[in-house]
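Data first, discussion second: the structure below is written as structure tokens.
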Amino acid sequence: MSDQEFWGLLEAAPDAMVVVNTDGEIVLVNGQTERLFGYSRAEMLGQGIEMLLPERFRVRHAGHFARYAGAPGMRAMGSNLELFGRRRDGSEVPVEISLSPVRTEHGLFLSSSIRDVTDRKRTEATMRMLSSLVESSSDAIVSYTVEGAIMTWNAGAEAMFGYTAQEAVGRSATLILGDADSDVCSQLDAGNPVRLLETDGYRKDGSTVAISLSVSFVYDADGAKIGVSCIARDVSEIKRRQAEAEADRARLIAAQQAAHVGSFEIDMRTGDRWWSAEYWRIIGVANTQPASRELMLTSVHPDDRERVEAVWLTLDSGGRASDFGYRIVRPSGEVRWVRSLTSFEYAEDGSPARILGTTMDVTDLHLADVQRREAETNFQLGFNLSPIGIGVADLEGQFQRVNPAVCEIFGRSEMEILGRRAEDFLHQDDVGSISVASSHMQSNEAETAHVEKRYLRPDGVAVWVQETVSFVPGLDDGAAHLFMQLQDITSRKLAEADLEYQAFHDPLTGLANRLLLTKNLERSLVRAKASGGQVSVLFLDVDQFKVINDGLGHTAGDGLLVQLAKRLQSMVRLTDTLARFGGDEFVIVCENITRENTERLVERIVASGKDPFVLEGQDVFATVSVGIVLASADEDTETVLRNSDAAMYDAKNRGRAQAMMFSEEMHTRASSRLDLESQLARALDHNELRVYYQPIVDVSTEGVVGFEALVRWAHPIRGLISPLEFIPIAEQTGMIIPIGEWVLREALAQAQKWRTEIPGAAALSISVNFSVLQLQDPDFVAVVADALTRSGLAPTALHLEITESVMMNDIEAAAETLNALHALGVRLSLDDFGTGHASLGHLDRLPVQTIKIDRSFVGGLGGENPKAASIVQAIVNLARSLDLDVVAEGVETVEQLLDLRRIGARLAQGFLWSRPLPPQEIPQWLMRASGRAASQAPDAKRPQPGT
């Protein structure tokens, strides 16, 4: 072949032709190559053929080319190498490459025929997509030959007719169409494609299925018929729904006739209208003329016509169905209110085909609604503007509606009240009482009931309310409810309370007067009889009140009584009755209190006389004498008060600041006291005295640091006798010196035993009280030194305690003895600090290392007395500034302990941890105490102090 012939063939080729030498360099290209790749001949000649390929294919193509070029006897490779070509602009095109050798007079070359297969690839993708669509369609898509033999069968056909493709292909179309196949063929032969023909299809199991058929011929490129395409859709559900719709329509028409509701229909394609006879009657026009929109709009009230016309224009455009009311004017001039409801009926293609509607004469309902709204408006005005709280609640008492007055009464917003009951806002003292609402709910009574209650606002203010509740039965099957009226009667109740207060309280001190005292005592005795308990009654009288009253004047006397009343109030419980009996006499009534606690209360009352009263700018000391009666339930109030008064006078006869317990015969008591004196003298010899020990703990860790020794008298007949009863006798008779020495030696020996025998107790200290007589005894220091030597206890482990008031009687003598004790190494404690009228300037002159805060101050901690914490804080600060340790006495509650921790007190003792225990119980108690973690807070459930 000549070069000219070869070049002619190359240019005439329909594909891009690229000729390369055996090195892969382009030596010749045709015009189709320039058009396909966008390069000019000059740009391609001399370049490697791989320039026409994307980089990812170049290595692969180079390998193919090398293998082909190196193969002997080369021949055409065929069109089986599919790659992507790379155009000059960087875009890619799918191509198919065929290689063939070309032998010319210039030698051997390789010719590459490159075909753009973009259209073929697109066609293949389209065919795959169509095949996927056919296979995934829920419709049965079947093709068969002109002669009727089934050729294709998709999954939809298999699901619809039950035949698999293997079972159906090759069989006649009558397999599924039955006799309908001949009708389909006739129409097709007549040149009429079948569209949406509804017929029955036949399933494999012999049943039929309602189908909609679309069938048409398939033609080849020359227009010859080569087959038939058939699409069948299951319309069984549509048929069922149509049947149900027809039945519903029939029922609806019947219901409209019975209800005298007019109905209408509008064909949206033709505009034809149909009105029922009732519709004609409603608009008041005879049906002698055609139904039309103009006739309908003519009957509409002029003021509503524009709005109604707008609704119909929306319906005409296929807008949403509507429900609208308007007025019509009958030819007679009568105005009626009607309500029209419309809906659409849709064609199979989903477009709206008809408008269906009803029109009802609602004039009577409209007038009734107008009257109802007027009534509701009037009610709402009265409801909202009423000064009395009004609420509507369900039978559970939960508010459904409230007016502003209710919100003001409860001090809450409407949202905070709705859904809640009035009981939810009750004052705590009224919680638990049966509400009027609850009683109505239970009885379903229709009458009105009244009750007065207190409610608590969020700010803590109590509001008295007169509550009126009426049971309202449900009407027309409506739910029954409660109608509640709440009237704020706080002002009236406060006035009543003020009058009652004045009738039952002393105007000077604010305490209960004799009338209220008598009533409360009578109630206490009745409750004691029911419970089997007793009532403690204390009768108090101010010692030498007449001297103070006459010396400083009645104003000062009244001031003393007022201050004493406040002091007594700080000592009694909220449940106790403190009353001014008259003049300078006071009475305290205590229920549910033991004898021991009564005695402790009396101790605090008597000891309070050590604190001065500030009268007319000067400190005045005044004490009280106390008569005590432990009343039984069988006694009357007059007898109890008379006996306590007699006991008080007996106490006054024994000196100031005394307390006496009443007995039937006072001389019996006197003789009993003489007996105690004589028996006390033998108590030591008869081994009747006992030493009990109360632990002293570290406030921060609750670890035990020591014990206080407290003497008890185990009388062979009377049992344990309180120190309050025999210690004063020992003081007066001088027996306190041998008793005190015995207690000292017993306590030291016991402490040393614990320190050596009990693990972890080696650092325990022991505190021992001593009296003024011991302080005045010239041998006292020697006795202490001897007792320490005999016990083997380190002097620093002994704490000697003396009350502040005793020491202040002779400060100079006390300082001398205390300095001698301090020289021994003994630690000294000032007991009942704050009650002995000591000058703070004396503290730096005394060798004391510890001060013990009196229980009267500690008892006010934990919220009992807001000022108590300040006093205790001041004492702790004072002690810290003087480098003194502090022990808080009488800690009885966890709250007091927490306050002491906050204040910074280091040590404490009291019933919170333990009452005084006999020595044999101490080891076991210590074992339990040591198990408590140092950082553990006190147990809030720990029992409160007992007897």
Side-chain angles (χ1 to χ4, degrees), residues 323-325 337 339 341 360 362-494:
D323 178 353
F324 57 103
W337 280 89
R339 179 183 177 188
L341 289 84
M360 177 185 293
V362 294
T363 304
D364 294 339
L365 292 176
H366 173 76
L367 294 177
D369 185 59
V370 170
Q371 294 173 352
R372 177 185 60 79
R373 287 199 301 269
E374 289 178 352
E376 285 183 350
T377 300
N378 294 334
F379 171 78
Q380 193 64 37
L381 286 173
F383 184 84
N384 291 332
L385 300 178
S386 173
I388 296 177
I390 301 175
V392 177
D394 60 22
L395 295 185
E396 297 289 338
Q398 296 174 333
F399 283 112
Q400 308 301 309
R401 291 181 66 185
V402 293
N403 71 346
V406 172
C407 299
E408 183 177 355
I409 288 172
F410 289 146
R412 289 171 169 83
S413 67
E414 181 180 4
M415 294 307 297
E416 292 175 305
I417 297 173
L418 294 181
R420 302 181 68 182
R421 303 177 304 160
E423 287 82 349
D424 295 337
F425 312 118
L426 276 177
H427 191 280
Q428 58 267 24
D429 292 343
D430 288 350
V431 172
S433 58
I434 298 178
S435 68
V436 176
S438 297
S439 62
H440 275 300
M441 180 192 69
Q442 295 167 5
S443 63
N444 286 345
E445 297 173 350
E447 63 185 25
T448 298
H450 309 272
V451 69
E452 293 181 358
K453 285 187 176 181
R454 281 173 297 175
Y455 292 97
L456 195 64
R457 289 175 176 165
D459 58 6
V461 175
V463 181
W464 273 100
V465 173
Q466 178 175 294
E467 182 179 315
T468 303
V469 181
S470 300
F471 178 85
V472 181
L475 300 177
D476 298 330
D477 296 328
H481 62 273
L482 301 176
F483 187 80
M484 305 175 66
Q485 298 181 72
L486 309 176
Q487 185 171 3
D488 188 341
I489 57 171
T490 305
S491 299
R492 191 194 81 196
K493 297 297 288 188
L494 290 177

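In this text, all values refer to a predicted model and were calculated from it rather than measured experimentally.
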Heavy atoms of other groups near Arg339 CZ, more than 12 under 6.0 Å: no
Rounded distance (nearest 0.5 Å) linking atom CD1 of Ile390 with atom CZ of Phe483: 5.0 Å
Closest contact, heavy atoms only, Pro387 versus Ala405: O-CB, 3.7 Å
Distance, nearest 0.5 Å, that separates CZ of Arg454 from CG of Asp430: 4.5 Å
Test item: Val465 and Lys453 side chains (from C-beta on) under 4.5 Å apart, heavy atoms: no
Distance-minimising heavy-atom pair for Glu467 and Leu486: CG-CD2, 3.5 Å
Which atom of Ser413 lies closest to which atom of Cys407, heavy atoms considered: C-SG, 4.0 Å
For Arg420 against Glu416, the heavy-atom pair lying closest together: CD-O, 3.2 Å
Pairs where residues 385-412 contributes a residue and the test ring pair (Phe, Tyr, Trp, His ring centres under 6.0 Å) is met, not counting sequence neighbours: Phe410-Phe425, Phe410-Tyr455
Reported OG1-to-CE distance for the pair Thr363 and Met360, which is rounded to 0.5 angstrom: 11.5 Å
CE-CD distance between Met484 and Gln400, expressed to the nearest 0.5 angstrom: 11.5 Å
Atom pair CG/CG of Asp394 and Leu482 - distance to nearest 0.5 Å: 7.5 Å
Point-to-point distance, once rounded to the nearest 0.5 Å, from CH2 of Trp464 to CD1 of Ile489: 7.0 Å
Whether over 12 other heavy atoms sit under 6.0 Å from Glu408 CD: no
Heavy-atom pair with the smallest gap, counting every atom of Asn403 and Asn384: CB-CA, 4.3 Å
Sidechain-backbone polar pair: Arg412 side chain, Val406 backbone, donor-acceptor under 3.5 Å: no
Glu452: partners by salt bridge (Lys or Arg N to Asp or Glu O under 4.0 Å), with sequence neighbours left out: Arg492, Lys493
Under 3.5 Å: donor-acceptor pair, side chain of Asp488, backbone of Ile409: no
Those residues that, when tested against Phe324, pass ring pair (Phe, Tyr, Trp, His ring centres under 6.0 Å) (two or more places apart): Tyr326
